[in-house]
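Okay, structure first, notes after.
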Amino acid sequence: MSSRMTKSHPIGESRSRRATPATHGAAASVPLRDGAKLHLVTPGCRIPLSVPLEKDGSYLCVPLAGTAVVHQDGCTCPLAPDHVHVVRRPNGGGDRCVVFQSAASLAVLVHFPPRWSLCCPHGPTCKVGGFLRHGGHAAGTDRALELDSRGRAIARQLLSARIEEDGDIIAIEQSVLALLAWAYAKSSAPTERQVPTHPLHPQAALKVRQAAEILRRRIANPPTIPQLGALVGLNQSDLKRCFKCLYGESVASYSRRHRLETARDLLAHGGLGIAAIALEIGFANPSQFARAFRRQFGRNPAEFRRLPA
């Protein structure tokens, strides 16, 4: 399914009547087979936006932009952007919700009830069902899987999905299953037997990944390289060398690319003005943002937003 269909209806509205979309303070949602449900949060929502979690089952939460936390009993657990999080709800456990704290939030949440995994021919022994039920740990927000280009493309496809006819639900379900398959494969990969693709010591690689996560989390106010090195415990030269080794680009290039890709996603889903998006990714000057965006993508933000659906 094309991610930008013409004469189509966004998820959250029907052909005869518009439902409450995310821009009016709620996440758009669509029920799927076997009790699963897809929730989409797009820019322009009222903040804070709270998406209640069902009393049981598991969620795949994919925050692509903005700040999100899991809230329960007065405690909060932040959700790292550009990660897939497995959030479990074992047998209730009090009120729980995902709270989005930015009008520039962009996220995908998929709920899988307990009965969903039991529909597998393998029943309770289904490993994918076990991944959802346990997430690799005992409880709570269990796993955070860093998005790669494939995972991010699936999330973008879901965010851009349109419902033109009932059959389009099948394509949406296929994308949901592709996201689950990606997360399960990434989680269950036998990392201890993988041949490293870089010569970094595991502890150095961990610190570099922490540095990348800080850059993604602090997108509106990225730290300087000295500040970033101090946060993860690497000196400037080691941080630069190790970052380039692991990610194939410099710290500055990685940060700039991620910020502009986030801006591109926000522009694609409307809801915020160009100046607001510029501020959201750390550009106080919209003209400077427009020049950087054009260098990265070949057109300025206004031209990108006017692209035909």
Side-chain angles (χ1 to χ4, degrees), residues 60-70 76-88 127-128 130-132 134-156 179-262 265 281-282 296:
L60 293 184
C61 300
V62 192
L64 293 175
T67 304
V69 298
V70 175
T76 59
C77 177
L79 296 179
D82 267 353
H83 283 68
V84 172
H85 299 262
V86 181
V87 178
R88 299 197 305 120
K127 292 184 178 179
V128 177
F131 163 70
L132 287 171
H134 305 298
H137 297 285
T141 304
D142 297 316
R143 296 298 298 269
L145 307 169
E146 186 175 350
L147 280 176
D148 54 21
S149 58
R150 171 61 178 159
R152 191 176 181 93
I154 297 170
R156 284 173 173 162
L179 180 64
L180 175 58
W182 174 91
Y184 172 72
K186 194 171 184 70
S187 173
S188 59
T191 53
E192 69 275 5
R193 290 180 292 185
Q194 290 179 339
V195 177
T197 57
H198 56 79
L200 291 182
H201 186 278
Q203 178 132 8
L206 175 62
K207 290 181 177 182
V208 170
R209 290 190 176 96
Q210 290 172 342
E213 183 174 332
I214 290 169
L215 291 174
R216 291 190 294 267
R217 192 184 296 277
R218 292 180 50 177
I219 189 170
N221 183 29
T224 64
I225 290 178
Q227 290 170 339
L228 186 60
L231 288 171
V232 300
L234 289 173
N235 63 47
Q236 292 185 56
S237 59
D238 285 345
L239 175 61
K240 291 178 180 178
R241 176 181 57 81
C242 293
F243 201 101
K244 182 69 175 288
C245 183
L246 186 62
Y247 287 103
E249 58 185 324
S250 69
V251 176
S253 175
Y254 180 95
S255 177
R256 181 173 58 253
R257 178 179 56 78
H258 173 69
R259 292 161 68 199
L260 292 171
E261 286 179 351
T262 299
D265 289 342
I281 66 164
Q296 185 76 19

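The CG atom of Leu180 sits 10.0 Å away from atom CD1 of Ile154, with the distance rounded to the nearest 0.5 Å. Interatomic distance, Ser255 OG to Ile225 CD1, rounded to the nearest 0.5 Å: 9.5 Å. With rounding to the nearest 0.5 Å, the separation of CD in Gln203 from SG in Cys242 is 11.5 Å. Summarising the geometry, atom CG belonging to Leu239 is positioned 5.0 Å from atom CG belonging to Leu228; distances are rounded to the nearest 0.5 Å.
When all heavy atoms of Ile214 and Pro223 are compared, the pair lying nearest together is CG2-CG, 4.0 Å. In this structure, Val232 and Ala211 approach most closely via the heavy-atom pair CG1-N, 3.7 Å. For Val62 against Ala155, the heavy-atom pair with the smallest separation is CG1-CB, 4.1 Å.
The backbone N or O of Leu147 sits nowhere less than 3.5 Å from a side-chain atom of Arg152 that would complete a donor-acceptor pair.
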Stepwise, does the side chain to side chain contact (heavy atoms under 4.5 Å, CB included) test hold for Leu60 with Trp182? CA-CA 11 Å; Leu60 293 184; Trp182 174 91; over 6 Å; no
After noting the C-alpha distance and the side-chain angles of Lys186 and Val84, does the key distance pass the side chain to side chain contact (heavy atoms under 4.5 Å, CB included) rule? CA-CA 10 Å; Lys186 194 171 184 70; Val84 172; over 6 Å; no
Asp82/Glu261 under side chain to side chain contact (heavy atoms under 4.5 Å, CB included): CA gap, chis, key distance, verdict: CA-CA 11 Å; Asp82 267 353; Glu261 286 179 351; over 6 Å; no
Verdict with reasoning, Phe131 to Ser187, per side chain to side chain contact (heavy atoms under 4.5 Å, CB included): CA-CA 8 Å; Phe131 163 70; Ser187 173; 3.4 Å; yes
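Listed by chain and residue number, nothing satisfies the salt bridge (charged side-chain N to carboxylate O under 4.0 Å, His left out) test with Arg150 (two or more places apart in sequence, or in another chain). In this structure His83 satisfies the side chain to side chain donor-acceptor pair (under 3.5 Å) test with no other residue, sequence neighbours excluded.
Contact annotation: the side chain of Leu231 approaches that of Arg218 to within less than 4.5 Å [non-hydrogen atoms, C-beta and beyond]. When side chains are defined from C-beta on, Pro81 does not count as touching Ile219, because their heavy atoms never get closer than 4.5 Å.
Below 30°, between 30° and 60°, or above 60°: for Tyr247 and Tyr254 the angle between ring planes is between 30° and 60°, a tilted geometry.
With salt bridges taken as basic N to acidic carboxylate O contacts below 4.0 Å, none links Lys207 and Asp238.
Glu249 pairs in a side chain to side chain donor-acceptor pair (under 3.5 Å) with only one of the listed residues (Arg257, Lys244, Arg256), which is Arg257.
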